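The structure under discussion appears below in the form of structure tokens.
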Amino acid sequence: MAATNAKSVLFVCLGNICRSPIAEAVFQKMVADAKVADQWRIDSAATSTYEIGSPPDHRGQACMKRHDVPMRHIARQVTKDDFQTFEYILCMDENNLSDLEKKAKSVQSAKAKIELLGSYDPQKQLIIKDPYYGSDKDFETVYEQCVRCCKAFLEANS
């Protein structure tokens, strides 16, 4: 269990079954490997209601399995409480960013810093494209981007 003074990050995408659970799983493994998991509270969520209660996309799960990254998540929607309790909310594209900024305006005492996860990418690929209508290769691309971004994010917050 994370300490109460833990750093916190919420990864967000449209449905919370492809990109954000991949980012969450990648970051969970990264902090575990760095032996700092007890310093972090990590979760993921959706801007939409489309997939609430669903497990991650089977192609994303297969990708994570190939990379030996444990993944356990059930899709949920971002709540007003998330804006008050998470230090960072990192999203995948401009639509997520716009939706989150709109929602944050309706939350009193919102403290979360809302950013694109891609803003941490050393390769400067700002947008992490939705692989839902793509192929296994698109999920691999999301994984690779998440690894680069999460590594840089962790380094910036260590």
Side-chain angles (χ1 to χ4, degrees), residues 1-34 36-57 60-61 63-64 67 69-121 125-132 139 142-158:
M1 191 58 145
T4 52
N5 61 349
K7 298 170 189 171
S8 57
V9 60
L10 179 68
F11 296 99
V12 176
C13 67
L14 179 64
N16 193 214
I17 61 166
C18 296
R19 296 169 291 174
S20 58
I22 288 173
E24 176 190 3
V26 163
F27 196 67
Q28 290 272 18
K29 184 171 186 337
M30 236 172 240
V31 299
D33 290 350
V36 295
D38 62 331
Q39 297 172 25
W40 284 92
R41 181 168 71 100
I42 305 161
D43 198 0
S44 66
T47 57
S48 73
T49 58
Y50 303 142
E51 297 287 347
I52 292 173
S54 299
D57 185 285
Q61 290 187 51
C63 178
M64 296 293 91
H67 291 284
V69 176
M71 178 189 248
R72 288 177 303 283
H73 185 76
I74 298 298
R76 71 173 185 89
Q77 188 176 30
V78 172
T79 66
K80 287 184 175 187
D81 188 52
D82 290 332
F83 292 94
Q84 297 168 326
T85 62
F86 280 94
E87 189 177 355
Y88 292 93
I89 297 179
L90 302 179
C91 61
M92 306 299 154
D93 62 36
E94 294 101 334
N95 289 335
N96 304 153
L97 190 62
S98 174
D99 289 346
L100 289 166
E101 287 172 344
K102 260 185 250 166
K103 197 167 198 170
K105 286 179 183 162
S106 71
V107 178
Q108 284 188 337
S109 67
K111 71 164 191 148
K113 184 174 184 180
I114 303 167
E115 299 177 298
L116 288 168
L117 176 58
S119 67
Y120 291 90
D121 191 345
Q125 292 181 350
L126 200 57
I127 302 306
I128 299 175
K129 292 182 184 160
D130 193 344
Y132 186 78
F139 280 85
V142 167
Y143 167 77
E144 290 167 4
Q145 284 179 283
C146 287
V147 167
R148 291 193 310 267
C149 297
C150 286
K151 183 177 188 289
F153 175 72
L154 181 57
E155 287 169 359
N157 288 280
S158 291

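Any value given below was found using the heavy atoms of this structure, including those in side chains, with hydrogens, waters and symmetry copies removed. Because the structure is a prediction, the values reported are computed rather than measured.
With rounding to the nearest 0.5 angstrom, the NZ atom of Lys113 is 9.5 Å from the CD atom of Glu87. Distance check: Glu115 CD to Phe153 CZ gives 7.5 Å after rounding to the nearest 0.5 Å. Rounding to the nearest 0.5 Å places CG of Asp57 at 9.0 Å from CE of Met71. Atoms CZ and CD, on Arg72 and Gln61 in that order, are 11.0 Å from each other to the nearest 0.5 Å. Between Gln108 atom CD and Phe83 atom CZ the span is 14.5 Å, to the nearest 0.5 Å. Here Cys149 contributes atom SG and Leu90 contributes atom CG; the two are 9.0 Å apart, rounded to the nearest 0.5 Å.
Partners of Lys29 by side-chain hydrogen bond (donor to acceptor under 3.5 Å, both in side chains), not counting sequence neighbours, listed by chain and number: Asp33. For Thr47, the side-chain hydrogen bond (donor to acceptor under 3.5 Å, both in side chains) criterion is met by no residue, not counting sequence neighbours.
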| task | Could you give me the CA-CA distance, side-chain angles and deciding distance for Asp130 and Cys13, then say whether side-chain contact (heavy atoms from CB on, under 4.5 Å) is met? | result | CA-CA 8 Å; Asp130 193 344; Cys13 67; over 6 Å; no
| message | Does Lys7 form a side-chain contact (heavy atoms from CB on, under 4.5 Å) with Val36? I'd like the steps, not just the answer. | response | CA-CA 10 Å; Lys7 298 170 189 171; Val36 295; over 6 Å; no
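With respect to the salt-bridge test (charged N to carboxylate O, under 4.0 angstrom), the residues Lys105 and Glu101 do not qualify.
Put simply, the side chain of Arg19 never gets that close to the backbone of Asp93: no donor and acceptor are under 3.5 Å apart. The backbone N or O of Ala75 sits nowhere less than 3.5 Å from a side-chain atom of Ser54 that would complete a donor-acceptor pair. Judged by distance alone, with hydrogens and angles left aside, the side-chain atoms of Asp99 form no donor-acceptor pair with the main-chain N or O of Asn96 at under 3.5 Å. Between the side chain of Ser98 and the backbone N or O of Glu94, no donor-acceptor pair lies under 3.5 Å.
Counting only heavy atoms from C-beta outward, the side chains of Gln28 and His73 never approach each other to under 4.5 Å. Put simply, the side chain of Leu117 reaches to within 4.5 Å of the side chain of Cys146, judged on heavy atoms. Counting heavy atoms from C-beta outward, Val26 and Lys151 have side chains that stay 4.5 Å or more apart. At least one side-chain heavy atom of Asp43 sits less than 4.5 Å from a side-chain heavy atom of Glu24. When side chains are defined from C-beta on, Met92 counts as touching Phe11, because their heavy atoms get closer than 4.5 Å. Residues Val12 and Ser44 form no side-chain contact, since every pair of their non-hydrogen atoms from C-beta on lies 4.5 Å or further apart. Taking 4.5 Å as the limit, some side-chain heavy atom of Arg76 sits within range of a side-chain heavy atom of Asp82. Looking at Ile17 and Tyr132, their side chains come closer than 4.5 Å, going by heavy atoms from C-beta outward.
The shortest non-hydrogen separation linking Ala6 to Asp38 is CB-O, 4.4 Å. Closest of all the heavy-atom pairs between Lys129 and Gln145 is N-OE1, 4.4 Å. Of all the heavy atoms in Ile89 and Phe86, the pair that sits closest is CG1-CB, 4.4 Å. Smallest separation of non-hydrogen atoms from Leu14 and Ala46: O-CB, 3.2 Å. In plain terms, the two heavy atoms of Gly15 and Ser48 that are nearest each other are CA-OG, 3.9 Å. For the pair Asn16 and Ala45, the tightest heavy-atom approach, listed with the atom from each and the gap, is ND2-N, 3.3 Å.
The closest side-chain donor-acceptor pair between Glu155 and Tyr120, if any, does not fall under 3.5 angstrom.
For NZ of Lys80, the number of neighbouring non-hydrogen atoms (other residues, nucleotides, ligands) closer than 6.0 Å is 12 at most. Within 6.0 Å of OH on Tyr88 lie more than 12 heavy atoms contributed by other residues, nucleotides or ligands.
The aromatic rings of His67 and Tyr143 lie parallel to each other, their planes meeting at an angle below 30°, with 60° marking the opposite boundary.
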